[in-house]
Amino acid sequence: MTELRRIVTGHNAAGKSIVAIDGPPARQLGADAGGLFEIWNTDGKRIDSHDKTDRADIEVVLSPPKGGSKFRWFRIAPTPPGTPREVLEAAYADAFAQMGAAHERVDTTRHPGMHKTKTID
């Protein structure tokens with residue numbers, strides 16, 4: 001896959017549309033395994049289209065603030081054949097911890113059947 005390009009528009013002092021940001025995502029996590037790429041964030045406050053601040057260039061956390069939003073791109077690479085479940089679980093735990101969301105992760109060790117898909121006839 002080619003590098004992700006992010007284009008954010010705004011307005012200049014004369015009220016004309018402009019490209020405020022043209023480049024890669026401001027932040028990313030786990031690019032070696034696919035990746036989470038921050039495109040744009042809001043914090044619930046009024047957005048000024050004249051402000052060229054990169055609103056995605058902040059610490060990556062799982063959830064948006066109250067009244068805010070997050071716009072992200074996820075790319076998930078295939079799991080290499082034969083990867084032990086313990087390795088995958090450790091990678092998942094690390095990804096959630098990097099986003100300050102370790103407490104949001106479901107504990108599958110107590111209920112190992114939770115990750116299986118049920119077939120409904």
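Starting from 1, each residue takes its place in the sequence as its number. Not measured: the values here are computed from a predicted model.
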Are any of the side-chain heavy atoms of Met99 and Leu29 separated by less than 4.5 Å? yes
Any sub-3.5 Å donor-acceptor pair from Thr42's side-chain atoms to Ser69's backbone N or O? yes
Quick check: does any side chain N or O of Arg72 sit under 3.5 Å from a backbone N or O of Leu36, one acting as donor and the other as acceptor? no
Stepwise, does the side-chain contact (heavy atoms from CB on, under 4.5 Å) test hold for Arg27 with Asp57? CA-CA 6 Å; Arg27 302 281 177 113; Asp57 194 11; 2.8 Å; yes
Determine whether Val60 and Ile39 fall in the same hydrophobic cluster, where Ile, Leu, Val, Met, Phe, Trp and Tyr are linked whenever their side-chain heavy atoms lie under 4.5 Å apart. no
The reported gap from CZ in Arg55 to CD in Glu38 (rounded to nearest 0.5 angstrom) is 12.5 Å
Connected via hydrophobic side-chain network under 4.5 Å: Leu4 and Phe71: yes
Does a side-chain heavy-atom distance below 4.5 Å link Thr79 with Leu88? yes
Ignoring hydrogens and geometry, is there a side-chain-to-backbone donor-acceptor pair from His11 to Lys16 under 3.5 Å? no
When hydrophobic residues are tied together by side-chain contacts of less than 4.5 Å, even through go-betweens, does Phe96 share a cluster with Ile76? no
All heavy atoms of Pro25 vs all of Phe37, minimum pair found to be CG-CB, 3.7 Å
Expected output: side-chain Asn41 to main-chain Lys70 donor-acceptor under 3.5 Å: no
Could you pull out the closest heavy-atom pair between Lys52 and Ile18, with the gap in Å? CE-CD1, 3.5 Å
Asp51 bridged to Arg46 by N-O distance under 4.0 Å: no
So do Asp43 and Pro65 actually touch side chain to side chain, heavy atoms under 4.5 Å? yes
Minimum side-chain heavy-atom gap Arg6-Val8 below 4.5 Å: yes
Side-chain heavy atoms nearer than 4.5 Å, only ILVMFWY residues, links allowed to pass through others: does that put Ile58 and Val61 together? no
